2 protein chains.
Amino acid sequence: MMKAKVQDPAREAWALLRNIAFVMKERTFALASEFDLAPMQVHALRTLEPGEEVPMSALAGTLHCDPSNITGITDRLEARGLIERRSSPHDRRLKLLALTSEGEAVRERISEALDTPPPEIESLSRADQRALRDVLRRAGGEGL
Amino acid sequence: MMKAKVQDPAREAWALLRNIAFVMKERTFALASEFDLAPMQVHALRTLEPGEEVPMSALAGTLHCDPSNITGITDRLEARGLIERRSSPHDRRLKLLALTSEGEAVRERISEALDTPPPEIESLSRADQRALRDVLRRAGGEGL
DNA sequence: TATTGTTATACTCTATAACTATA
DNA sequence: TATAGTTATAGAGTATAACAATA
């Protein structure tokens, strides 16, 4: 007699995580569209901390893309008035990126939306929320 | 005396999930590169089941993109010999997409890699794996 | 008339390579 | 020589609009 194949729990958990990632991507895209921004522009905006100045090369590192791409991304965000290029007093090769006040405001609204858990997570019991957090921490937290 | 702000468990769990999604995206991209495919081509390949014929419009629906994009994606996969266009005997407007035998082989290798949980998940205790699976199921499973 | 797929157009992201100006 | 940013170029994904063939 054949026994129904039992899914490996790790495999099923992984499939569920992949599904969440997919939905997350769509939500992020929809949110970016609301602000008339491309996903990468949102990512760049989130990378810049209010009041901070970061060299373009540093942004390329954080965004895991070639420095040549940063020029265009920066151009578009600067054209929108959300960030600005500043020169460095110490090294005239560097250009430092900083949020404008409007950029800070937009970044704040976007971050709040992205950092807020969706109803599916909010509606879990506190015990489930803690269990989820704890297991994910044990799975590596930052690493994975 | 100030007490350190305690993170909402749902919020922290959500942050951990976002982090996982980010790493997942990078891994998928790296895997696609190994096969010299673009991420969207991998997604399309995974959508097509072996032995199945699906209209291009159906693929557009599954991939959540405009039908006009499917033409290019199909062109590139067909040029690689991984899929082929077939005509429908019932409706001559339709073009049916199907994996070639090479396409099935590539799809199988890619799917196995994507469906296999990473070490971070595999190395969790069985109890943690089940707990993760169960909480994610309760969080909506397919929905979120 | 409506639908399927294609084409034309335009924009964003992606990398590589060559270039400039600094250091 | 080496580094930071730019430009040129090319390929891939994205959407909109107009089109041909078919229903």
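Keep in mind it's a predicted model, so treat the numbers as computed, not measured. All values below come from the heavy atoms of this structure, side chains included, with hydrogens, waters and symmetry mates left out. Chain A is the first sequence line, chain B the second, and so forth, proteins listed ahead of strands; every chain is numbered from 1.
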With nearest nucleotide decided by heavy atoms, which residue, A:P55 or A:F29, maps closer to the 5′ end of DNA chain D? A:P55
Just the rounded figure in Å: distance from P of D:dG5 to CD of A:E53. 13 Å
Where is the tightest heavy-atom contact between B:A13 and A:Q129, given as atom of each residue plus distance? CB-O, 4.3 Å
Under-4.0 Å salt bridge between A:K95 and A:E78: no
Rounded to whole angstroms, how far apart are CG on B:N69 and C1' on C:dA8? 13 Å
Output yes when at least one side-chain N/O atom of B:S68 is less than 4.0 Å from OP1 or OP2 of C:dT6, else no. no
Starting at CG of A:D36 and ending at P of D:dA15, how long is that distance when rounded to a whole Å? 14 Å
Is the shortest heavy-atom distance from the side chain of A:I20 to the side chain of B:I20 under 4.5 Å? no
Which other residues belong to the hydrophobic cluster containing A:I110, where Ile, Leu, Val, Met, Phe, Trp and Tyr are joined when side-chain heavy atoms lie under 4.5 Å apart, directly or via other members? A:L31, A:F35, A:L37, A:M40, A:V42, A:L45, A:L48, A:V54, A:M56, A:L59, A:L63, A:I70, A:I73, A:L77, A:L82, A:I83, A:L97, A:L99, A:V106, A:L114
When you measure from the side chain of A:M56, which nucleotide among D:dT6, D:dG13, C:dG5 comes out closest? D:dT6
Show me the pairs that pass salt bridge (charged side-chain N to carboxylate O under 4.0 Å, His left out) and involve residues 6-23 of chain B, at least two apart or across chains. A:E112-B:R11, A:R126-B:D8, A:R137-B:E12
Check every atom of C:dT12, C:dT6, D:dA12 against the side chain of B:T71 and return the nucleotide holding the closest atom. C:dT6
Nearest-angstrom distance from the residue atom CG of B:D66 to P of C:dA8: 16 Å
Assign each of B:H64 and A:K95 the nucleotide of DNA chain D bearing its closest heavy atom; nearer the 5' end lies the nucleotide of A:K95
Send over the distance from A:L59 CG to D:dT6 C1', rounded to a whole Å. 15 Å
Rounded distance in Å - CG (B:L94) to C1' (C:dT6): 14 Å
Could you walk me through whether A:H64 and B:F22 satisfy the side chain to side chain contact (heavy atoms under 4.5 Å, CB included) test, starting with their C-alpha distance in whole Å, then the side-chain angles of each, then the deciding distance to 0.1 Å, before giving a yes or no? CA-CA 11 Å; A:H64 293 346; B:F22 179 72; 4.0 Å; yes
Residue A:M40, side-chain heavy atoms: nucleotide from C:dT12, D:dA4, C:dT14 that is nearest: C:dT14
The answer to which of B:L96 and A:L63 contacts DNA chain C further toward the 5' end, by nearest nucleotide, is B:L96
Closest approach of B:M24 and A:A21, non-hydrogen atoms and distance? SD-CB, 3.7 Å
For atom CD1 of B:I73 and atom P of D:dG11, their distance in whole Å: 17 Å
Output the rounded distance in Å from CD (B:Q41) to C1' (D:dA12). 8 Å
Interface residues of residues 84-93 of chain B with DNA chain C (non-hydrogen, below 4.0 angstrom): B:R85, B:R93
